[in-house]
Amino acid sequence: MPRSDTADLSAALNPWFAHAARPLPWRAAEVSPWAVLVSEFMLQQTQVARVVPRWEAWIARWPTAAALAAEPPAEAVRAWDRLGYPRRALWLHRAAVEVVERHGGEVPSALDDLLALQGVGPYTARAVAAFAFGMRHPVVDTNTRRVIARATLGQAEPGPPSAARDIATMSALLPESDAAARVFNAAAMELGATVCTARSPRCDVCPIATACAWRGAGHPSYAGPRRAVQSRFAGSDRQVRGLVMRELRAAHRPVPRDELDAVWSDAAQLARALAGLVDDGLAVAGDDGALALPDA
DNA sequence: CAGTCGTGGAA
DNA sequence: TTTCCAAGACT
């Protein structure tokens with residue numbers, strides 16, 4: 001069925017992407033589905049500039065899922081270094097094992113198979129299917145959500161994320177052909193990341209400015225429900241976990257409990273952090289209370 | 001559904 | 001300096 005005029009954003013967005021797209025390494029033609037999967041794991045809640053060097057090193061060391069799966073998860077967590085959310089490193093390792101065990105070492109292209117992998121959710125599954133395999137799926141990340149909110153809804157910010165609703169919305173905007181859909185998915189993300197940014201959108205250089213409902217309405221401020229405010233990091237359990245993980249990565253042996261006690265003065269909070277890390281599988285406790293990265 | 005989970009760049 | 005928020009997923 002035909003789409004409305006406002007839905008035809010691809011006419012302006014796709015040509016823009018052809019010349020404005022950043023030359024990100026995982027967009028190169030010869031990049032494998034595995035390398036794309038690795039990039040998507042790293043890009044979850046993490047800026048492109050911080051991911052690029054980690055991704056280069058990771059792919060050089062583990063060019064296939066089998067190569068990563070053959071090593072202990074501790075090596076993955078260590079190589080993840082300070083990208084943040086180290087559970088992603090653990091999950092990427094598990095996903096590599098699952099790819100080897102279920103799919104003969106080849107990253108699957110089917111959405112259901114991708115979604116079944118550890119650490120792969122609605123965004124990552126569609127991103128891999130679309131960008132690594134050229135399949136026509138709506139891909140919605142935080143950038144795309146903001147672009148849609150502004151261009152088609154006329155709002156400064158998208159409402160609270162809802163995977164089902166976001167996917168349906170993007171599906172209605174997606175061009176018919178596989179090739180155009182693939183470019184449109186990437187272009188919407190790129191526009192949100194480089195032009196239609198959260199803080200200071202550059203409408204003066206936006207390729208869809210004349211079609212943008214938000215701009216047309218005079219950039220009204222957002223009045224809808226705000227997304228929950230992220231709790232303060234300083235003094236949080238997350239900070240303590242981060243400090244502990246830094247010790248575990250640096251030590252290529254179990255770290256005695258008395259050394260861990262030195263990283264945080266609040267004993268109760270430290271104990272909570274350690275228990276959480278063990279529960280997540282990021283740390284393994286020995287009989288003497290020493291902690292180490294997981295070997296298996 | 002709301003909370004939780006790292007780290008650092010940019011305004 | 002402080003605050004926002006970033007190619008999300010899991011519980």
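Residue numbering restarts at 1 for every chain, and letters A, B, ... go by the order of the sequence lines. On a predicted model such as this, the values are computed, not experimentally measured, just so you know.
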- Between C:dT11 and B:dG6, how far apart are the P atoms? Round to whole Å, please. 14 Å
- Message: Less than 3.5 Å apart, any donor N or O on the side chain of A:Gln269 or A:Trp264 sitting next to an acceptor on the other?
- Response: yes
- Over how many whole Å does the gap from A:Leu117 atom CG to C:dC10 atom P extend? 10 Å
- Item | Sugar-phosphate, base or nothing in reach of A:Arg146, heavy atoms under 4.0 Å | sugar-phosphate
- Query: If each of A:Arg82 and A:Arg199 is mapped to the nucleotide of DNA chain B with the nearest heavy atom, which maps nearer the 5' terminus, i.e. the 5' end?
  - Reply: A:Arg82
- Quick one: is A:Gln45 getting a side-chain N or O under 4.0 Å of the C:dG8 phosphate, OP1 or OP2? yes
- Using a cut-off of less than 4.0 Å, is there contact between a side-chain N or O of A:Arg238 and OP1 or OP2 of B:dG3? no
- Query: Taking 4.0 angstrom as the limit, do A:Asp288 and A:Arg257 come out as a salt bridge?
  - Reply: no
- Query: Looking for any heavy atom pair under 4.0 Å, which part of the strands does A:Pro122 touch: base, sugar-phosphate only, or nothing?
  - Reply: sugar-phosphate
- Would you mind reading off the distance between A:Arg54 atom CZ and B:dG6 atom P, rounded to a whole angstrom? 17 Å
- Message: Base, sugar-phosphate or nothing for A:Gln230? Non-hydrogen atoms, less than 4.0 Å.
- Response: base
- Query: Between C:dA7 atom P and A:Arg50 atom CZ, what is the distance in whole Å?
  - Reply: 11 Å
- Message: Less than 4.0 angstrom from a charged side-chain N to a carboxylate O is my criterion; do A:Arg61 and A:Glu75 meet it?
- Response: yes
- Task: Starting from P on C:dC5, measure out to CD on A:Glu157 and report it in whole angstrom.
- Result: 6 Å
- Residue pair A:Glu40/A:Val120 against DNA chain C: nearer the 5' end by closest nucleotide is A:Glu40
- Message: Between the base of B:dG6 and the side chain of A:Thr46, is there a donor and acceptor pair under 3.5 angstrom?
- Response: yes
- In whole angstrom, give the distance that lies between atom CD of A:Gln239 and atom P of B:dT4. 16 Å
- Query: What about A:Met42 and A:Val36, same hydrophobic cluster or not, with Ile/Leu/Val/Met/Phe/Trp/Tyr joined at side-chain heavy-atom distances under 4.5 Å?
  - Reply: yes
- Under 4.0 Å between any heavy atoms, over every strand shown, what does A:Arg27 touch: base, sugar-phosphate, or nothing? Just pick one. base
- Item | Under-3.5 Å donor-acceptor pair between A:Arg241 side chain and B:dG6 base | no
- Message: Categorize A:Ala127 for me: base, sugar-phosphate, or nothing, with a 4.0 angstrom heavy-atom threshold over every strand shown.
- Response: nothing
- Item | Residue A:Gln239 excluded, over 12 heavy atoms near CD under 6.0 Å | yes
- Are a donor atom and an acceptor atom from the side chains of A:Arg88 and A:Thr46 found within less than 3.5 Å of each other? yes
- Below 4.0 Å: OP1/OP2 of C:dG8 and any side-chain N or O of A:Thr124: no
- Query: Base, sugar-phosphate, or nothing for A:Gly84, non-hydrogen atoms under 4.0 angstrom?
  - Reply: base
- Message: Distance check needed: B:dT7 P versus A:Asp81 CG, whole Å only.
- Response: 9 Å
- Message: Once you apply a heavy-atom cut-off of 4.0 Å, does A:Trp80 come out as touching a base, just sugar-phosphate, or nothing?
- Response: nothing
- Task: Please report, rounded to the nearest Å, how far the C1' atom of B:dG6 is from the CE atom of A:Met42.
- Result: 15 Å
- Item | C1' gap between C:dA7 and B:dA2, integer Å | 23 Å
- Message: Using a 4.0 Å heavy-atom cut-off, does A:Pro161 contact any base of the nucleic acid, only the sugar-phosphate backbone, or nothing at all?
- Response: nothing
- With a non-hydrogen cut-off below 4.0 angstrom, is A:Leu92 in contact with a base, only sugar-phosphate, or nothing? nothing
- Query: How many Å lie between CD on A:Gln47 and C1' on C:dC5, as a whole number?
  - Reply: 8 Å
